[in-house]
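What follows is a single structure, written as structure tokens, with notes after it.
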Amino acid sequence: MRIPLKFIDGRIVVTPSISAESYRIRYKPVSFIVDTGSSKSFMSHGDALRLQIPISSLSHTEPLRMGGSRYELLQTKPFLFHFKTEEIKLYPIKTSKFFVALGTKKTEEAITESQNFPSILGTDFLMTNKLYLHFDPHNNEMYLSIKV
Amino acid sequence: MEAIQLLTNIERDQDWLIANLDYLKKNFDQKFIAIKQEKVIAVGTLMEDVIKTLTVQNLDPSETLIYFISKVAIVL
């Protein structure tokens, strides 16, 4: 089974829909950069605002340094991802928790930077959910595959 | 709206974004833009500005492609 990816401005992007009962979120699309250089997966501050996730109620877990800035990872309640496959079906992946990355600095510039930092699907998500990344930009072939 | 339809709509707007990236970088550098049905429908410096504009238009931000345009590459 294959999940097609898009190549947007030099980055590999997957857009699943996300549901989270605790936050009354149902099938809302969120774009993630597939980043094999990141060991952590998280939703950006901007996407959390867009989905109206109550950021102030999330618990702090650990600091994170990305792109030269410091972030705090905040833990969410369970998320249910639905990925659209090549066959136009939904492939579900449930996570017991997920994270939102919030910039630690509170200046206007830092807040803008925190909001525009992208959501990331890193190696933790790929490994836990047994996803394989295929990336062949020369033939415009890029997808996640699942062994079922 | 059904999940698959929502994802299909977002993919169409992503394709439009890819096709028009040079134009968007030239005109909306360092801005958040909202794209719906292959049109820029809101622009703002902060995500909250775009969310507010969409809400005023009775559009759901959670079902809209919002993208930060930057001429400067972000290295993760």
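Note that these values count all heavy atoms, side chains included, but never hydrogens, waters or copies made by symmetry. Small disclaimer: the values here were computed from a predicted structure and weren't measured. All chains are named by letter (A, B, ...) in the order of the sequence lines, taking the proteins before the strands, and each is independently numbered beginning at 1.
A donor-acceptor pair under 3.5 Å links the side-chain atoms of A/Q115 to the main chain of B/M47, judged by distance alone.
Note on A/Y132 and A/V13: separate hydrophobic clusters, where clusters join Ile, Leu, Val, Met, Phe, Trp and Tyr whose side-chain heavy atoms are under 4.5 Å apart, directly or indirectly. When the side chains of ILVMFWY residues are joined at heavy-atom separations under 4.5 Å, either directly or via intervening members, A/I111 and A/F117 end up in two distinct hydrophobic clusters. Two different hydrophobic clusters hold A/L121 and A/M127 under the rule that ILVMFWY side chains link at heavy-atom gaps under 4.5 Å. Cluster annotation: A/F125 and A/M43 are assigned to the same hydrophobic cluster (Ile/Leu/Val/Met/Phe/Trp/Tyr, side-chain heavy-atom contacts under 4.5 Å, transitive). Under the 4.5 Å side-chain contact rule for hydrophobic residues, A/I25 and A/L90 do not share a cluster.
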Legend entry - Chi angles and distances behind the side chain to side chain contact (heavy atoms under 4.5 Å, CB included) call for B/Y67, A/D9: CA-CA 11 Å; B/Y67 191 85; A/D9 203 14; 3.8 Å; yes
Inset, instruction - Please step through side chain to side chain contact (heavy atoms under 4.5 Å, CB included) for the pair A/K89 and B/I4, ending with a clear verdict. - result: CA-CA 8 Å; A/K89 289 182 177 169; B/I4 287 181; 5.6 Å; no
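Atom-to-atom distance recorded for A/L49:CG and B/L46:CG is 9.5 Å, nearest 0.5 angstrom. To the nearest 0.5 Å, atom CD1 of residue A/I18 and atom OG of residue B/S62 are 11.5 Å apart. In this structure, OG in B/S70 is found 7.0 Å from CG in A/N116, a value given to the nearest 0.5 Å.
Heavy-atom distances place the side chain of A/K6, and not its backbone, under 4.5 Å from chain B. Neither the backbone nor the side chain of A/V30 comes within less than 4.5 Å of any heavy atom in chain B. Looking at B/Q30, there are no atoms closer than 4.5 Å to chain A (heavy atoms on both sides), in backbone or side chain.
Heavy-atom neighbours of A/D136 CG from other residues, nucleotides or ligands within 6.0 Å: above the threshold of 12. Summarising the local packing, CD of A/E62 is surrounded by more than 12 heavy atoms from other residues, nucleotides or ligands at distances under 6.0 Å. Few gaps surround NZ on B/K25; more than 12 heavy atoms of other groups in view lie less than 6.0 Å from it. Crowding of A/E86 atom CD: a count of heavy atoms from other residues, nucleotides or ligands under 6.0 Å exceeding 12.
Nearest heavy-atom pair, A/F7 versus B/I18, reported as atom, atom and distance to 0.1 Å: O-CD1, 3.7 Å. Nearest heavy-atom pair across A/R50 and B/T64 is NH1-O, 3.5 Å.
No side-chain heavy atom of B/L7 sits less than 4.5 Å from a side-chain heavy atom of A/H82.
For chain B, the option among A/P4, A/P29, A/S31, A/S19 with the highest count of heavy-atom pairs below 4.5 Å is A/P29. Heavy-atom pairs under 4.5 Å with chain A peak, among B/L17, B/L21, B/V50, at B/L21. Ranking B/T45, B/T8, B/L65 against chain A, the residue ahead of the rest is B/T8, based on heavy-atom pairs under 4.5 Å.
Donor-acceptor pairing under 3.5 Å is lacking for the side chains of A/T15 and B/E11.
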